[in-house]
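Each chain gets a letter, A, B and so on, in the order its sequence line appears, and its residues count up from 1. None of the values given here were measured: they were computed from a predicted structure.
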Amino acid sequence: MMRPAAADLLAWYDRHRRALPWRAGPGERPDPYRVWASEIMLQQTTVTAVKPYFERFMARFPTVQALAEAPSEAVMQAWAGLGYYSRARNLHACAIAVVAEHGGRFPDSEEGLRALPGIGAYTAGAVAAIAFDRPAAAVDGNVERVMTRLFAIEDLLPGARPLLRERVLVMMPQDRPGDFAQALMDLGATICTPRNPACGLCPWREPCRARAEGTQESFPRKAAKKAGVTRKGAAFVLLRADGALLLRTRPPKGLLGGMAEVPTSEWRADYELDGAWQDAPVVTRWEQLSPPVRHVFTHFPLELTVFKASAPAGTQAPAGMRFTPLAALGEEPLSGVMVKVLEAAGLYASSKTR
DNA sequence: CACCCGTGGCT
DNA sequence: TAGCCAAGGGT
């Protein structure tokens, strides 16, 4: 069996590379700012979901300087709906650091990039390779799949990651590191897919060990993870007579950090709905809506029962909360679950084009 | 290392 | 349907 050659992958890439908004055309110089921003957005997020956000984000913050100077609320709002909101906070912090500590230019080395907030091993390698053509390994989910299949690596992930980095570096073509990194990802995304991989179209179909054994879909091997326990809670939608909604901002860190929400109870597995009135922000006549809003986070399902009430004009917001006009709701950083709550209360049209 | 951290699309 | 998966990082 022949050993896989980078040249075969690059030849395939030259014919089948995807045209993506953040990707420079053949022979073009990539913009490190756009490469970096796209890599952050693409962390655990699909290309389809990222595209519209990326376009809006670049229109709103065209340069790293513009992003660094923007208020954090504007950054969070531009990110709202994409998920993993610590990425947005770190993205902003990173832009500020690049301007303050690097004169507005991204470091061109893996180590320099790795030291910036929100940039880990993968993203440092990806930006170094793609934006600066450095021979760096960028091992993401795609590359894990491609490499474990190519060499039939039985080791469990994520433990096998260092080994995969070594394999990538050994194969790295010194003349086209950036294209090699992107080619590996394109191969994983379009040919070497998790299910029903198109092995017949793969440039590495001959040397692929897993394909030779017919076991390609069994890779990569992963340790099993346990399911989360459903948490429950109550959400309180209070609409004032002048058309303003009671909102508050979540703490800066942790779940949905820095995002806007209607007041809610705690979210617990043993939450008792009978006592929900004690968690309401004001004492009034609350109407319980049904069915409850369901949402699935990475680690647990959530079931929120929505209560709705109206307040007279002139009502003051309780401490730590604020009234926001419904017309200005689009400027609030609302997470997916809060959009569901407001939809359940009939206050939000699911335009999905915020 | 184990756990936390969103959301949407797929089979 | 329920689970899996996606260009992961921080702690």
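Among the atoms of the strands shown, none is found under 4.0 Å from any heavy atom of A/W79. Among the protein residues, A/V337 comes within range of the sugar-phosphate backbone only, with heavy atoms under 4.0 Å from sugar or phosphate atoms but none that close to a base. In this structure, A/L256 reaches the sugar-phosphate backbone alone: every heavy-atom distance under 4.0 Å involves primed, P, OP1 or OP2 atoms, never a base. Within the 4.0 angstrom heavy-atom criterion, base atoms lie near A/R18. In this structure, A/A121 reaches the sugar-phosphate backbone alone: every heavy-atom distance under 4.0 Å involves primed, P, OP1 or OP2 atoms, never a base. Contact annotation for A/L184: no contact, since no heavy-atom pair falls under 4.0 Å across all strands.
Rounded to the nearest Å, the gap between the P atom of C/dA7 and that of B/dC4 is 24 Å. Between B/dG6 and C/dT11, the distance separating the two P atoms is 14 Å to the nearest Å.
Under the 30°/60° scheme for interplanar angles, the aromatic rings of A/W12 and A/H16 are found to be tilted.
Straight-line distance from the NZ atom of A/K253 to the C1' atom of C/dG9: 13 Å, rounded to whole Å. We find that CG of A/L91 is positioned 15 Å from C1' of C/dG10, with the value rounded to whole Å.
Taking side-chain N and O atoms only, A/Q44 has a distance below 4.0 Å to OP1 or OP2 of C/dG8. The shortest distance between the side-chain N/O atoms of A/Y85 and the OP1/OP2 oxygens of B/dT7 is below 4.0 Å. The phosphate of B/dC3 (OP1 or OP2) has no side-chain N or O of A/H299 nearer than 4.0 angstrom.
Between the side chains of A/Y122 and A/E39, at least one donor N or O sits under 3.5 Å from an acceptor N or O. A donor atom on one side chain and an acceptor atom on the other are not found under 3.5 Å apart for A/R17 and A/Q182.
Listed for the A/T123 side chain is no donor-acceptor partner under 3.5 Å among the backbone atoms of A/G120.
Between A/L116 and A/M185, the residue whose closest nucleotide on DNA chain C is further toward the 5' end is A/M185. The 5' end of DNA chain B is approached more closely, in terms of each residue's nearest nucleotide, by A/G83 than by the other of A/N196 and A/G83. Along DNA chain C, the nucleotide nearest to A/I130 and the one nearest to A/N90 differ in position, and the one closer to the 5' end is contacted by A/I130.
No N or O donor and acceptor, one from the side chain of A/T123 and one from the base of C/dG8, sit under 3.5 Å apart. Taking 3.5 Å as the limit, the base of C/dG8 and the side chain of A/T45 contain no donor-acceptor pair of atoms between them.
Comparing B/dG6, B/dT7, C/dC5 by their closest approach to the side chain of A/P194 singles out C/dC5. The side chain of A/Y122 sits closest to C/dG8 out of B/dT7, C/dG8, C/dG10.
Side-chain contact between A/T298 and A/Y84 is present, with heavy atoms from C-beta onward closer than 4.5 Å.
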